[in-house]
S.K.: 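Below is one structure. I have some questions about it.
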Number of protein chains: 2
Amino acid sequence: MTDSGLRRELQDLPRTDPAVDQLVEEIIGRVADKWTMLLIEILTERECCRFGELAKACTGISQKMLTQTLRAMERDGLVTRTVYPVVPPKVEYRLTELGLGLSKAFCGVWLWAEANFETIDRARQDYTARQEAGQV
Amino acid sequence: MTDSGLRRELQDLPRTDPAVDQLVEEIIGRVADKWTMLLIEILTERECCRFGELAKACTGISQKMLTQTLRAMERDGLVTRTVYPVVPPKVEYRLTELGLGLSKAFCGVWLWAEANFETIDRARQDYTARQEAGQV
DNA sequence: TCCCATACTCTCTTTTCGGTAAGTATAAAT
DNA sequence: ATTTATACTTACCGAAAAGAGAGTATGGGA
């Protein structure tokens with residue numbers, strides 16, 4: 001209750017509904033996911049993608065995960081899914097305005113990661129070294 | 001290769017090392033996690049925290065998860081862990097510069113979530129409605 | 001007639017996640 | 001002597017996530 005109040009204050013957003021806080025946290029949990037972030041990036045670059053293209057671009061993802069993640073994104077209104085009734089099937093995905101907004105928000109995180117990966121790598125090495133020194 | 005090039009171009013960062021891309025993606029995967037994001041938020045508000053305080057502020061987290069997440073954050077250089085050699089034990093956590101940078105990057109995502117939770121909620125209802133309509 | 005392409009969907013198995021609960025260390029207080 | 005407080009660590013277990021791989025639908029081409 002107190003912390004929530006503080007957070008609101010910091011962000012100049014006067015709101016205090018705990019249900020809203022919970023929903024917001026749930027959304028963050030849903031959206032702050034490796035595959036979601038990757039897909040959003042890919043869809044930001046080439047704005048319209050078929051399933052197969054996404055599968056290729058999103059290295060390492062399984063078909064199942066791809067379907068699952070895309071469905072969740074569709075449900076949350078981040079992407080549109082257009083089915084062309086042809087054979088073989090053709091389905092196109094593209095970001096919505098909402099998805100584009102999230103893409104921009106994520107941009108900061110990507111930039112942070114790209115700017116700091118060396119620092120993090122060094123921190124990890126230091127940590128491991130300290131661990132090993134402690135073991136002796 | 002091609003997509004990676006495009007991404008670089010978009011972000012004005014001329015780099016093409018696939019190992020770096022992989023590391024960056026791994027970092028995103030590590031850091032884009034509910035508890036990490038929550039802890040960073042809490043540590044941004046009250047800048048210095050003991051273990052017990054964090055446990056209280058981070059509603060719903062178990063001791064195990066809290067320890068685990070904090071360790072990972074320490075390893076990545078996001079927080080410092082200061083142990084006071086007293087009994088009973090006292091350990092303080094605080095964000096590093098790196099952690100603070102990530103906090104700022106995350107801020108955009110929080111703001112996006114707070115600004116758009118209603119849209120998302122509606123999108124979900126629409127999706128469910130469409131599903132049910134299709135079932136019939 | 002048979003096969004191909006595409007975007008799934010389903011099943012089965014493995015892996016990981018995460019919670020509970022108990023144990024540890026130790027000085028100070030009772 | 002026993003209890004208390006704190007920040008863990010460890011072991012165990014069930015649930016959930018995720019991977020592998022086969023199956024499905026169907027119009028057009030060989």
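Letters go in sequence order (proteins before strands), and every chain restarts at 1. Please read all numbers here as calculations on a predicted model, not as lab measurements.
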S.K.: Measure the distance from CE on Met65(A) to P on dC8(C) and round it to the nearest whole Å.
M.R.: 15 Å

S.K.: My understanding is that only residues two or more places apart in sequence, or in another chain, count here; which of them pass side chain to side chain donor-acceptor pair (under 3.5 Å) with Arg81(B)?
M.R.: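 Arg81(B) satisfies side chain to side chain donor-acceptor pair (under 3.5 Å) with Tyr93(B) only.
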
S.K.: Tabulated below should be each protein N or O lying under 3.5 Å from an N or O of nucleotides 6-9 of chain D; please produce it.
M.R.:
unit_1 : atom_1 : unit_2   : atom_2 : d
dT6(D) : O3'    : Arg50(B) : NH2    : 3.0
dT6(D) : O3'    : Pro89(B) : O      : 3.0
dA7(D) : OP1    : Arg50(B) : NE     : 2.7
dA7(D) : OP1    : Arg50(B) : NH2    : 2.9
dA7(D) : OP2    : Gly52(B) : N      : 3.2
dC8(D) : OP1    : Arg71(B) : NH2    : 2.9
dC8(D) : OP1    : Arg81(B) : NE     : 3.3
dC8(D) : OP1    : Arg81(B) : NH2    : 2.6
dC8(D) : OP2    : Tyr93(B) : OH     : 2.6
dC8(D) : N4     : Gln63(B) : OE1    : 2.9
dC8(D) : N4     : Gln63(B) : NE2    : 3.4
dT9(D) : OP1    : Arg71(B) : NH1    : 3.0
dT9(D) : OP2    : Arg71(B) : NH1    : 2.8

S.K.: Could you tell me which non-hydrogen atom of Ile120(A) sits nearest to which non-hydrogen atom of Trp112(A), and how far apart they are?
M.R.: CD1-CH2, 3.6 Å

S.K.: Write down the atom of Thr96(A), the atom of Gly77(A), and the distance for their closest heavy-atom approach.
M.R.: OG1-O, 2.6 Å

S.K.: Roughly, in whole Å, what's the span from OH in Tyr84(A) to C1' in dG27(D)?
M.R.: 19 Å

S.K.: For residues 82-92 of chain A, tabulate all N or O donor-acceptor pairs below 3.5 Å that involve a side-chain atom, not counting sequence neighbours.
M.R.:
unit_1   : atom_1 : unit_2   : atom_2 : d
Tyr84(A) : OH     : Glu92(A) : OE1    : 3.1

S.K.: Can you run down the salt bridge (charged side-chain N to carboxylate O under 4.0 Å, His left out) pairs that involve residues 54-72 of chain B, sequence neighbours left out, and say none if there aren't any?
M.R.: Arg71(B)-Glu74(B)

S.K.: Using five base pairs at each end to define the local axes, how bent is the helix from dT1(C)-dA30(D) to dT30(C)-dA1(D), to the nearest 10°?
M.R.: 30°

S.K.: Between atom CD1 in Ile61(A) and atom C1' in dA20(D), what is the gap in whole Å?
M.R.: 15 Å

S.K.: Run the side chain to side chain contact (heavy atoms under 4.5 Å, CB included) test on Phe51(A) and Thr67(A) for me, step by step, so that the C-alpha distance in whole Å, both residues' side-chain angles and the decisive distance to 0.1 Å come before the verdict.
M.R.: CA-CA 8 Å; Phe51(A) 186 85; Thr67(A) 307; 3.6 Å; yes

S.K.: For Glu47(A), enumerate each residue passing the side chain to side chain donor-acceptor pair (under 3.5 Å) test, keeping only those at least two apart in sequence or located in another chain.
M.R.: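 Glu47(A): no side chain to side chain donor-acceptor pair (under 3.5 Å) contacts found.
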
S.K.: Between Ala113(B) and Val24(A), which heavy-atom pair has the shortest distance, and what is it?
M.R.: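 In terms of heavy atoms, the two residues are closest at CB-CG1, 3.9 Å.
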
S.K.: Would you mind reading off the distance between Gln68(B) atom CD and dT10(D) atom P, rounded to a whole angstrom?
M.R.: 12 Å

